[in-house]
K.L.:
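Questions regarding the structure given below will be posed in turn.
Protein chains get the first letters and strands the later ones, always in sequence-line order, with residue 1 at the start of each. Computed from a prediction, not measured in an experiment: that's the story for all the values here.
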Amino acid sequence: MKLYNTLSKSIEDFKPIDENLVKMYTCGPTVYNYAHLGNLRTYIHEDILEKTLRYLGYNVKRVMNITDVGHLESDADEGEDKMLKGAKRENKTVWEIAQHYTDAFFRDIEKLNIKKADIVAKATDYINEYIEFIKGLEEKGYTYMANGNVYFDITKVEDYTKLSGMDLEQLKTASREEVSIDVHKKNPQDFVLWFTKSKFENQAMKWDSPWGVGYPGWHIECSVISLKNLGEQMDIHCGGVDHIPVHHTNEIAQTESYTGKPWVKYWWHSEFLIDQDGKMSKSKGEFLTLSLLEKKGFNPLSYRYYALNSHYRKQLAFSFDSLASAENAYMKLKSRIRSINDNADISEMELSKEAIKYKEEFKNCLEDDLNTANAITVLFNLLKADEVTNSEKIKLIEDFDKLLSLDLLKDEEVNEVHDEMAEYIEEMIQNRQEAKKNKNYQLADAIRAELLEKGIMLEDTRQGVNWKKIN
RNA sequence: GGCGCUAUAGCCAAGUGGUAAGGCACAGGUCUGCAACACCUAGAUCUCCAGUUCAAAUCUGGAUGGCGCCUCCA
């Protein structure tokens with residue numbers, strides 16, 4: 001399998017450290033608000049990555065953190081704590097906020113058919129481990145105290161910017177004006193490992209530590225949670241591109257300083273979903289959520305289809321028009337599959353050479369740095385293929401859908417109506433057929449119009465009359 | 001101010017040296033009393049300029065547009 005590695009800035013052959021187990025870490029959500037569509041796009045592609053590895057026969061152990069301890073707006077200890085801000089807004093304790101949005105997150109990913117990570121770790125469950133970790137860094141001389149906070153000294157690290165490829169000298173001299181500067185830092189890139197100074201009187205999340213009562217810095221959780229659950233080295237670390245220059249860079253600095261070993265073999269980053277106004281951002285306030293899509297009548301899986309139709313390393317510009325077009329395509333795809341499903345004999349087990357060719361093509365697309373758009377094209381080509389039998393098609397679609405997770409073979413119960421209603425519909429159809437036979441088309445059309453008004457659409461097919469519920 | 005990504009038909013989007021996948025929408029057709037469904041068919045020389053090459057959307061240089069990062073964010 002070929003995979004792009006941010007560390008080398010090139011596509012590499014994927015070879016896990018231990019061939020029997022792929023260790024994978026994915027940065028999870030900060031639970032002070034709902035996940036937005038951009039966040040979810042990343043989780044969809046991470047899901048594809050994990051499922052592709054499993055599809056190719058690897059065992060995978062995947063860890064995801066839930067950030068439930070407050071992040072500040074910046075290391076300068078300014079702005080507002082996010083959890084606290086959420087709590088104030090909704091009149092709840094920070095713990096309630098965290099629980100509420102954690103639950104909402106898992107509901108969202110379930111609707112999108114995203115597999116839950118094997119291990120889901122809450123940041124607040126690892127406080128003692130953070131303290132041990134910071135102590136370890138302190139003993140090795142990587143830290144300093146200033147203004148009550150414990151800082152990591154990046155000048156002690158060789159090649160601090162190896163992931164981002166940025167030039168530290170340039171960063172020093174040319175920083176944007178709006179960025180507030182923490183005067184206590186020796187170097188602008190130094191970051192806080194443990195805070196004891198907080199401007200927020202009612203900061204609810206506090207723990208005792210050798211440096212005083214306070215709370216952990218925001219980079220530390222990913223390092224410690226991964227060390228605890230995956231050991232000192234891992235294969236793939238995932239996240240959004242925004243994490244490259246700061247969060248992941250700092251994770252590498254502290255983790256490799258702590259263990260003295262190279263940490264992550266492949267860094268995997270997903271590009272942004274952008275809005276008409278640019279990047280979608282939680283802190284901007286207004287943002288698109290999955291439940292908003294549902295309110296507008298979209299199927300969550302249409303969004304999954306939409307996301308899979310583009311590449312994870314390319315920005316995607318979101319619009320309701322293109323989502324609607326994706327939903328249309330997705331619904332048509334499902335209905336085509338349903339029509340072949342009706343006359344397929346699934347008991348047949350052996351796949352022909354022709355059918356296996358499609359399976360290979362599908363696999364090749366995913367092995368090519370997760371080219372999901374082309375994988376879907378293989379699916380469309382399969383549907384059109386004359387040389388493949390219907391039962392083989394169904395078998396292959398079942399196989400593909402283990403990965404795509406678009407419920408391709410699942411029939412929605414769109415036609416669920418009361419028995420009385422069903423009887424009524426059948427009766428009306430009979431009446432209409434009768435009218436048609438008598439060439440009374442006016443009556444036939446009137447019946448069709450009447451049913452349509454009740455939300456029932458008729459379809460005259462070669463096999464007979466079908467009806468379906470709309471809206 | 002610095003770093004980086006990107007530009008393909010009305011829309012979404014693959015393709016990274018050999019003469020443009022796929023989907024949606026639209027149009028034409030088959031079917032149908034009509035409509036819808038389904039099926040078939042048609043449709044772009046790849047932002048612009050210059051260069052490398054027998055050959056470029058695909059490599060190089062430049063221009064222009066869009067976007068991201070350097071602040072918490074996927």
K.L.:
Taking 4.0 Å as the cut-off, does a side-chain nitrogen or oxygen of K332(A) come that near to OP1 or OP2 on A25(B)?
P.N.:
yes
K.L.:
Any strand is fair game: report the nucleotide pairing with U64(B) by Watson-Crick or G-U wobble, both distances under 3.5 Å, or none.
P.N.:
A7(B)
K.L.:
Counting only side-chain nitrogens and oxygens, does K384(A) get under 4.0 Å of the OP1 or OP2 atom of G23(B)?
P.N.:
yes
K.L.:
Any donor-acceptor pair under 3.5 Å linking the side-chain atoms of Q254(A) with those of S223(A)?
P.N.:
yes
K.L.:
Base, sugar-phosphate, or nothing: which does H311(A) touch, judged by heavy atoms less than 4.0 Å apart?
P.N.:
sugar-phosphate
K.L.:
For a quick check of understanding: with a heavy-atom distance under 4.0 Å over all strands, which category does K437(A) fall into, base, sugar-phosphate or nothing?
P.N.:
nothing
K.L.:
Are side-chain N/O atoms of Y32(A) and H100(A) paired as donor and acceptor at under 3.5 Å?
P.N.:
no
K.L.:
Using a cut-off of 4.0 Å on non-hydrogen atoms, how would the nucleic acid contact of Y441(A) be classed: base, sugar-phosphate, or nothing?
P.N.:
base
K.L.:
At 4.0 Å (heavy atoms only), tell me whether S270(A) reaches a base, stays on the sugar-phosphate, or touches nothing.
P.N.:
nothing
K.L.:
Indicate whether the side chain of E221(A) and that of T67(A) have a donor and an acceptor atom separated by less than 3.5 Å.
P.N.:
yes
K.L.:
Any side-chain donor-acceptor pair under 3.5 Å between D407(A) and Y330(A)?
P.N.:
no
K.L.:
Check every strand shown and say whether D445(A) touches a base, only sugar-phosphate, or nothing at a heavy-atom separation below 4.0 Å.
P.N.:
base
K.L.:
Side-chain N or O of K314(A) versus OP1/OP2 of A7(B): is the shortest distance under 4.0 Å?
P.N.:
yes
K.L.:
Tell me which nucleotide, if any, is Watson-Crick or G-U wobble paired with U32(B) when both distances must be under 3.5 Å.
P.N.:
none
K.L.:
Within the pair N328(A) and A25(B), is there a side-chain N or O less than 4.0 Å away from OP1 or OP2?
P.N.:
yes
